[in-house]
Amino acid sequence: MASDERLLSMLRRMIEIRGFEDEVQRLFTKNLVRGSTHLCNGQEACAVGACFALREGDSMLCTYRGHGAVLAMGAPLDGTFAEILGRESGLCRGKGGSMHLTDVGVGAYGSFAIVGAHLPIATGLAFAAKHTGSGAVSLCFFGDGSTNIGAFHEALNLAGIWKLPVLFFCENNLYGEYSPIATTTPVERLASRADSYGMPGVRVDGNDVVAVHTAVSEAAARARAGEGPTLIEAMTYRHRGHSRTDPGKYRPAGELAEWLAKDPITRLEALLAENGVAPEAIAQARADADKAVEAALERALAAPEPGLALIEEDVYA
Ligand SMILES: Cc1ncc(C[n+]2csc(CCOP(=O)(O)OP(=O)(O)O)c2C)c(N)n1
Ligand SMILES: [Mg+2]
């Protein structure tokens, strides 16, 4: 299990992600963000538990609900805010926005808005790692809905037959847009889909950062040992609606409250207290995270809008 010190760093990162998402929602209501956005409040243990199990040189790909994953990899808070605000100091010089956060320097190889589109790319990165013998793994986040997309099955099949070092990480938050999973998916246990592709399928509590970290560490060790991919299904829940304008009214009464009681941040704080970590250290992690988010937002808001000349850069035709 991760040391208390490591767990405190995970706590701090999870609080930063929560604070980041709350600020993004506020920026939206102030009309400072163009396009849509999909927040990951409630799913922070998936992002942090999984990304903290990687090492330098590994790659990570995620979806449009990927702010948390990109930040968990170590992308700077200010550059990420700036990207969502469309500023030149953003991760992609303000050209990508909320759904396309990318920071190759920290191993974040892209956020993808087309459901399932990035799974074959993760398999490709894993193929490259195997081919060059780099020892790297690729971690691929996707939602429960993505497991009904053709690309999911093709990517797992190829990774399975070639025993590629890829970790398929499904965040099962029980909904795809406004549809409860039972209305779209004929199997209850998505991890069982691994059976068809000759890889282990494991289901974990996605609101338990230690369980996520352990599962991904084990899968990464298997992958690095040449034993191939793993499908991990993490059971979790998004506290907010699908995207910015969705109040999530289709959810049955009491469901949100039930999941709020299993908040991954509160649970990690409780675990640290149980381990005997001083309350001051936990409070300090929270204070540091809040301060970092606030300062980063200030810097991003002060950054200039991109000049017109930028429109001709980063284009190929
Ligand atoms: C190929 C494709 N089909 C449909 C959509 C529209 N769409 C956007 S998000 C989404 C739901 C995906 O649900 P899930 O994979 O569970 O991810 P979650 O949003 O719950 O994180 C859909 C259908 C899309 N972006 N891409
Ligand atoms: Mg979902």
Side-chain angles (χ1 to χ4, degrees), residues 17-18 20-21 24-25 28 35-51 60-72 84 96-101 108 110-123 139-156 167-194 201 203-207 212 231-252 255-256 258-259 262 264:
I17 294 169
R18 178 71 56 90
F20 184 92
E21 296 292 61
V24 170
Q25 180 69 24
F28 251 106
S36 190
T37 199
H38 309 75
L39 304 177
C40 72
N41 300 54
Q43 302 185 199
E44 297 88 349
C46 292
V48 172
C51 294
M60 185 284 295
L61 294 95
C62 58
T63 73
Y64 47 85
R65 201 179 300 291
H67 306 168
V70 172
L71 292 171
I84 291 172
S98 167
M99 291 200 269
H100 301 105
L101 301 177
S111 308
F112 292 79
I114 302 303
V115 173
H118 57 306
L119 277 84
I121 300 173
T123 294
L139 166 68
C140 186
F141 289 101
F142 50 92
D144 43 282
S146 321
T147 71
N148 295 330
I149 292 277
F152 165 87
H153 298 276
E154 296 177 26
L156 267 73
L167 322 177
F168 295 105
F169 192 98
C170 177
E171 291 179 82
N172 184 349
N173 61 12
L174 311 178
Y175 290 87
E177 283 188 324
Y178 322 108
S179 306
I181 183 165
T183 64
T184 61
T185 308
V187 292
E188 193 269 328
R189 194 181 161 85
L190 301 178
S192 71
R193 291 189 158 174
R203 183 181 247 193
V204 294
D205 179 345
N207 282 21
V212 171
L231 172 62
I232 297 162
E233 178 189 15
M235 303 307 295
T236 187
Y237 197 78
R238 55 167 156 77
H239 291 170
R240 297 182 185 267
H242 170 68
S243 59
R244 72 193 193 289
T245 49
D246 170 26
K249 293 227 167 102
Y250 43 83
R251 306 194 278 197
E255 188 177 83
L256 175 60
E258 200 184 296
W259 282 90
K262 297 189 273 195

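Numbering of ligands and ligand atoms starts at 1, following listing order.
The Mg ion (ligand 2) forms the vertex of an angle spanning OD1 of N173 and OD1 of D144; to the nearest 10 degrees it equals 80°.
Using modelled atom types, one finds no donor on one side chain facing an acceptor on the other under 3.5 Å when comparing S98 with H38. Looking only at atom types and distance, the side chain of R65 has a donor-acceptor partner in the side chain of H242 under 3.5 Å away. Counted by atom type alone, R244 and T37 present zero donor-acceptor pairs between their side chains at under 3.5 Å. With 3.5 Å as the limit, one finds no donor-acceptor pair spanning the side chains of T236 and N173. Checking N41 against E21 by side-chain atom types alone, no donor-acceptor pair falls below 3.5 Å.
For E188 and R203, the salt-bridge test passes: some basic side-chain N is under 4.0 Å from an acidic carboxylate O.
Not a single N/O/S atom of S146, whether from backbone or side chain, sits less than 2.8 Å from the Mg ion (ligand 2). Here E171 fails the criterion, with no N, O or S atom under 2.8 Å of the Mg ion (ligand 2). Put simply, Y175 gets within reach of the Mg ion (ligand 2), with an N, O or S atom under 2.8 Å from it.
Listed as neighbours of ligand 1 are Y64, R65, A113, I114, V115, G143, D144, G145, S146, N173, Y175, G176, E177, H242, each bearing a heavy atom under 4.0 Å from the ligand.
In this structure, OH in Y175 is found 7.0 Å from CZ in R251, a value given to the nearest 0.5 Å.
Residues T147 and C170 have side chains in contact (heavy-atom distance under 4.5 Å, counting atoms from C-beta outward).
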